[in-house]
Amino acid sequence: MVGQPEERRFTSLEARIDAAAHGVLDRLPASGFLGGLTEFLVFGIKQAFACLFGGAMLALMLATKLYWPEGSGLARYDFLFLSAIAIQISLLVFKLETIAEAKVILIFHVVGTLMEIFKTSVGSWIYPEPSFFRIGGVPLFSGFMYAAVGSYLARVTRILDMRYSNYPPFIATLLLALAIYVNFFSHHYIIDLRYALFGLTAILFLRTTVHYRVFRFRHRMPLLVGFLLVALFIWFAENIGTWSRAWIYPSQHAGWTLVSVQKLGAWYLLMILSFVLVTLVHRPRAVAAPAAVAESTAVEMGDAAVAGKGVGAR
């Protein structure tokens, strides 16, 4: 990794929210059980905040599954598509997302829709309801499901100020991502290379550690473990999506069943592809030296204080 200029950690609105949160959290104990509990709760809140786009889409899938009116003049899938666009615009207007993250969502929508067109054509899964906004058998809201993963990864990278040690060569990660994407198509015609791709992933990222800041402290985790945890949560989200019949697998035609845990492997590879695509916008940054970390923390605390004064003045 090469040195890169620092990027803003928060949007203007997020900085004001962060300043208001510090006004409460800074009064809490910094050590002991309460200190650890505070760090854990802040981690959960920031994870949820990073999931704004995906969480909103899952909530809409569940709500429309339970309450969509029969005989409505607007197809449910079309409502989800229009809602996804409205959510995206709202995140930008209210400064809860950066332009760079919106670019990530666009890239993921294109990449995901192309995959959806192919996968539905070979019968991997189907969308059982009608819609107007579609390409072939693929309603256009489906691309936003991939975009939700990209949105989360881009936002969490920024919000948790993620840095890396022993990150592999950037070109090697791009080639791995390309191989993963091609295998999602080619395994229908030639041998499935997913196990070889698992091995390549392990070789590239085995020594890589992600360092992230929650509240008062920096934490670290092997990046491969982080990949697995994100893939697990995507699998949970997939079960919610198929239960709502936003899409279904062949085994779910007669009624909903739990998505096979074997899908975790596919999601693991897709998540790595997603992570690498996000690095096109948020380039991986090396862990800063201790003195630089202290200086950066002081600057951010100063920025938060300024933002807090701005909130109080309104």
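This chain uses plain numbering: 1 for the first residue, then up along the sequence.
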Indicate, with yes or no, if [Y] and [X] share a hydrophobic cluster defined by side-chain heavy-atom contacts under 4.5 Å among Ile, Leu, Val, Met, Phe, Trp and Tyr.
X    : Y    : value
I105 : V110 : yes
I203 : I171 : no
L193 : I180 : no
W68  : L62  : yes
I89  : F144 : yes

Say you draw a straight line from [atom1] of [X] to [atom2] of [Y]; how long is it, rounded to the nearest 0.5 Å?
X    : Y    : atom1 : atom2 : value
Q88  : M57  : CD    : CE    : 11.0 Å
Y152 : Q47  : OH    : CD    : 3.5 Å
S186 : D192 : OG    : CG    : 7.5 Å
L140 : S131 : CG    : OG    : 7.5 Å
T242 : K263 : OG1   : NZ    : 10.5 Å
K103 : L280 : NZ    : CG    : 12.0 Å

Check [X] against [Y] and note the closest heavy-atom contact, atom names and distance.
X    : Y    : answer
G54  : A148 : CA-CB, 3.6 Å
G241 : L58  : N-CD2, 4.4 Å
V278 : A154 : CG1-CA, 3.8 Å
L273 : A177 : CD1-O, 3.5 Å
V287 : S165 : CG2-N, 4.1 Å
A75  : P130 : CB-O, 3.5 Å

So do [Y] and [X] actually touch side chain to side chain, heavy atoms under 4.5 Å?
X    : Y    : value
V210 : R163 : no
L28  : L34  : no
F53  : I87  : yes
L160 : R213 : no
Y146 : H109 : no
F205 : L176 : yes
D161 : R285 : yes
F49  : R155 : yes

With a cut-off of 6.0 Å (strictly less than), are more than 12 heavy atoms of other residues, nucleotides or ligands near [atom1] of [X]?
X    : atom1 : value
L66  : CG    : yes
F217 : CZ    : yes
F40  : CZ    : no

Side chains of [X] and [Y], donor plus acceptor under 3.5 Å:
X    : Y    : result
D26  : H22  : yes
W125 : E116 : yes
S142 : W247 : no

Between [X] (side chain only) and [Y] (backbone N and O only), is there a donor and an acceptor less than 3.5 Å apart?
X    : Y    : result
Y77  : A246 : yes
K46  : L41  : no
S72  : P69  : no
S151 : A147 : no
T208 : N166 : yes

Handout entry: Results of ring-ring contact (aromatic ring centres under 6.0 Å, His included) for H211 - residues two or more places apart only
Key =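 For H211 there are no ring-ring contact (aromatic ring centres under 6.0 Å, His included) partners, ignoring immediate neighbours.
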
Problem - Partners meeting ring-ring contact (aromatic ring centres under 6.0 Å, His included) with H188 (sequence neighbours left out) - result: F118

Holding to salt bridge (Lys or Arg N to Asp or Glu O under 4.0 Å), I want the full list of residues that pass it with [X], two or more places apart in sequence or in another chain.
X    : result
E101 : R158
R76  : E129
R220 : none

Handout entry: Working for side-chain contact (heavy atoms from CB on, under 4.5 Å), residues F132 and L74
Key = CA-CA 9 Å; F132 174 77; L74 179 66; over 6 Å; no

Exercise for the section: May I have the step-by-step check of side-chain contact (heavy atoms from CB on, under 4.5 Å) for T209 and M221, ending in yes or no? Expected result: CA-CA 6 Å; T209 300; M221 174 189 298; 5.9 Å; no

Practice task
Go through the steps for T64 and L80 under the test side-chain contact (heavy atoms from CB on, under 4.5 Å), then give the verdict.
Solution key: CA-CA 9 Å; T64 53; L80 291 173; 4.2 Å; yes

Problem - Centroid separation F185 to Y189 less than 6.0 Å - result: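 No.
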
Practice task
Mind running side-chain contact (heavy atoms from CB on, under 4.5 Å) on L52 and E97 for me, showing each step along the way?
Solution key: CA-CA 10 Å; L52 273 178; E97 186 174 81; over 6 Å; no

Mind listing the side-chain donor-acceptor pairs of residues 222-240 below 3.5 Å, one per line with the distance, residues two or more places apart or on another chain?
unit_1: W235; atom_1: NE1; unit_2: V259; atom_2: O; d: 3.2
unit_1: W235; atom_1: NE1; unit_2: S260; atom_2: O; d: 3.3
unit_1: E238; atom_1: OE1; unit_2: W267; atom_2: NE1; d: 2.7
unit_1: E238; atom_1: OE2; unit_2: Y249; atom_2: OH; d: 2.1
unit_1: E238; atom_1: OE2; unit_2: W267; atom_2: NE1; d: 3.3
unit_1: N239; atom_1: OD1; unit_2: V259; atom_2: N; d: 2.8
unit_1: N239; atom_1: ND2; unit_2: W235; atom_2: O; d: 3.0

Exercise for the section: Kindly assign one of parallel, tilted or perpendicular to the pair Y164 and F275, based on the angle between their ring planes and the thresholds 30° and 60°. Expected result: perpendicular

Handout entry: Candidates F133, F141, Y127 - the one meeting ring pair (Phe, Tyr, Trp, His ring centres under 6.0 Å) with F81
Key =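 It is F133; the other options fail the test.
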
Problem - Note: R134-D78 ion pair, threshold 4.0 Å (strictly below) - result: no

